[in-house]
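Here's the structure we're looking at; comments come further down.
To find a chain, count down the sequence lines: A is the first, B the second, and so on, and within it residues start at 1. FYI, side chains are in, hydrogens and waters are out, and symmetry mates aren't considered; it's all heavy atoms of this structure. Values in this document were obtained by computation on a predicted structure and should not be read as measured data.
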2 protein chains.
Amino acid sequence: MTARIAVDLLGGDHAPAVVVDGALRAFQDDPSLHLILVGPHDAADAVLAAVEPAQRDRVGTLPMPAVELHPDDAARASLRAVADGLADAVVSAGNTAAIVVSSARALGRWPAVRRPPLAAVLPTAAGRLVLLDVGSAVDPDEHTLITHARLGAAYAAVAHGVTEPRVGLLTIGTERGKGDRLRRAVPQLFAETDLPAGARYAGLVEGHDVVTGTAADVVVTDGFTGNILLKGLETAYARLGPPGGDPAAVPPRAALLLGVAGTVVVCHGAASGGDLADGIAFAARMHRRSAVAAMADLIPHNEVTP
Amino acid sequence: MTARIAVDLLGGDHAPAVVVDGALRAFQDDPSLHLILVGPHDAADAVLAAVEPAQRDRVGTLPMPAVELHPDDAARASLRAVADGLADAVVSAGNTAAIVVSSARALGRWPAVRRPPLAAVLPTAAGRLVLLDVGSAVDPDEHTLITHARLGAAYAAVAHGVTEPRVGLLTIGTERGKGDRLRRAVPQLFAETDLPAGARYAGLVEGHDVVTGTAADVVVTDGFTGNILLKGLETAYARLGPPGGDPAAVPPRAALLLGVAGTVVVCHGAASGGDLADGIAFAARMHRRSAVAAMADLIPHNEVTP
């Protein structure tokens, strides 16, 4: 099944070189992948120059003038390509806040979603674990965390086939009264919330539970804490190996934006070419299994508390 | 040099069994270690029963009636033992908030220290890294983070012999404007603050810097984020090995309470006997090198902003 991925050539600390590298890798690995290269034409030309003539129809370009081009412009144009039906998904290693805001504007947010969260997937000895938010909502209130819990549950069900996902709230101790002001307010709200996909609230979890994976399939936190924990653990795993033991089972170092009406994959600013290639393949996978539509089906709009 | 360590027999999820185990291990490993066992007499008796008669003068007990004993009572009594000069240091795996508050009351806080922070030491490929706070100040303001930066710098200088420690602020991106409300307020304050021990502000750091250790010797964050990152990384390292490669170089899984006039070591609630033994040995080491007094010398009271 064809997947047309809009690639932000300007996103990331090492753009466009690593983006060109990653796009080419993903392109070679997947004969049904089409690229829409968004950004300065010289970067797009570097990809085109490396593509066999017979494959040229799999590469489109949306060139942008290099003069007065802001780094976020290519991400915005990539998102418009999806909104206009020219592409099936976006991959960017650009500025997270800009991508989140532009995604919400270009694609639309689902009801009740104030700040679309970024969901990462981490390897654990017990399988894959969804951690969200990892960088979008840095000062959320308790209602935002509950909305993210619902989105995370739908994601685990759709992407990992988890039946009745267990959703935990990340905090610093499981005794009553532990945690900061925000975290102390959330458990009561969980008790009043219906989670989708048969998910259930698994209670308070701690940092070690994100490594072991035994207490929850989905771990909800604010985007500040989640980003720091994700970057710490990913760096540890990159050096030491994943806790499950199988390097091939490591999820992509890329996050899916949830709660917007389209497939948006965000890679680290410091992503390598290999990370970008993984992110592009991941976006294609999410598109091919209609993950966003399947999640939307699990969260009927009339069930979402506005 | 003798070190008299008051051990909270009631602290921790698996007290008193693992505390008894840890106390005995530490006792056997260090012929100059004296234990003051604080808590129910039957737990203390379990230690005494395993001690050679010739060594009995190295074990004191402060028995407490088991009836109506709150789990935090033994920690409080242990701290009073230090305040009264009966012990040189306290080790507890009990409730963090209770220990922090009781320590401040029993031993006194240094000027300007509102909430004494817990400082953990993490292994990195580049050496030891001080992470603070890891569980005490869960909703700090920016002035509290600056005070903790000063304490952390003094700790790195005294405990690890770091000259001119580099102090980083943990956040989620090094571009201007990144981070949550709290973090955006702090860098300006750093510019106006004199750090002790020749330390300098090394700027914004991210989760991966806590693993690599290349950007900073001391990493400052709130107690919520720090606790979650610490528990995640410690669990990863326990499974995968430390990033420096040498298991013998792994710091104890115990945190030192800074900014109080005494040596207080806090172990995880889920600490094992080995962790408790490491914590006791660590407390003895800190006492023997007069670490608290040396830190106080580096932070003259009249230099501390009240």
Would you compute the distance between atom [atom1] of [X] and atom [atom2] of [Y] and round it to the nearest 0.5 angstrom?
| X | Y | atom1 | atom2 | answer |
| --- | --- | --- | --- | --- |
| A/His268 | B/Glu206 | NE2 | CD | 9.5 Å |
| B/Ile228 | A/Leu170 | CD1 | CG | 3.5 Å |
| B/Asp139 | A/Arg184 | CG | CZ | 6.0 Å |
| A/Asn227 | B/Thr171 | CG | OG1 | 8.0 Å |
| A/Arg181 | B/Phe224 | CZ | CZ | 12.5 Å |
| A/Ile172 | B/Leu230 | CD1 | CG | 11.5 Å |

Assert top hit (heavy-atom pairs under 4.5 Å, partner chain A, pool B/Val210, B/Leu233, B/Thr221) equals B/Leu233

Trace of the side-chain contact (heavy atoms from CB on, under 4.5 Å) decision for B/Val138 with A/Arg183: CA-CA 10 Å; B/Val138 294; A/Arg183 254 52 65 150; over 6 Å; no

Begin with the C-alpha distance, continue with both residues' side-chain angles, and end with the deciding distance and a verdict on side-chain contact (heavy atoms from CB on, under 4.5 Å) for A/Glu234 and B/Val211. CA-CA 10 Å; A/Glu234 281 192 346; B/Val211 176; over 6 Å; no

Minimal heavy-atom distance between B/Ala125 and A/Arg239, with the atoms involved, is CB-NH1, 3.2 Å

At a 4.5 Å cut-off on heavy atoms, which part of B/Ala236 comes close to chain A: side chain, backbone, both, or neither? both

Counting only heavy atoms closer than 4.5 Å, note whether A/Asp209 contacts chain B via side chain, backbone, both or neither. neither

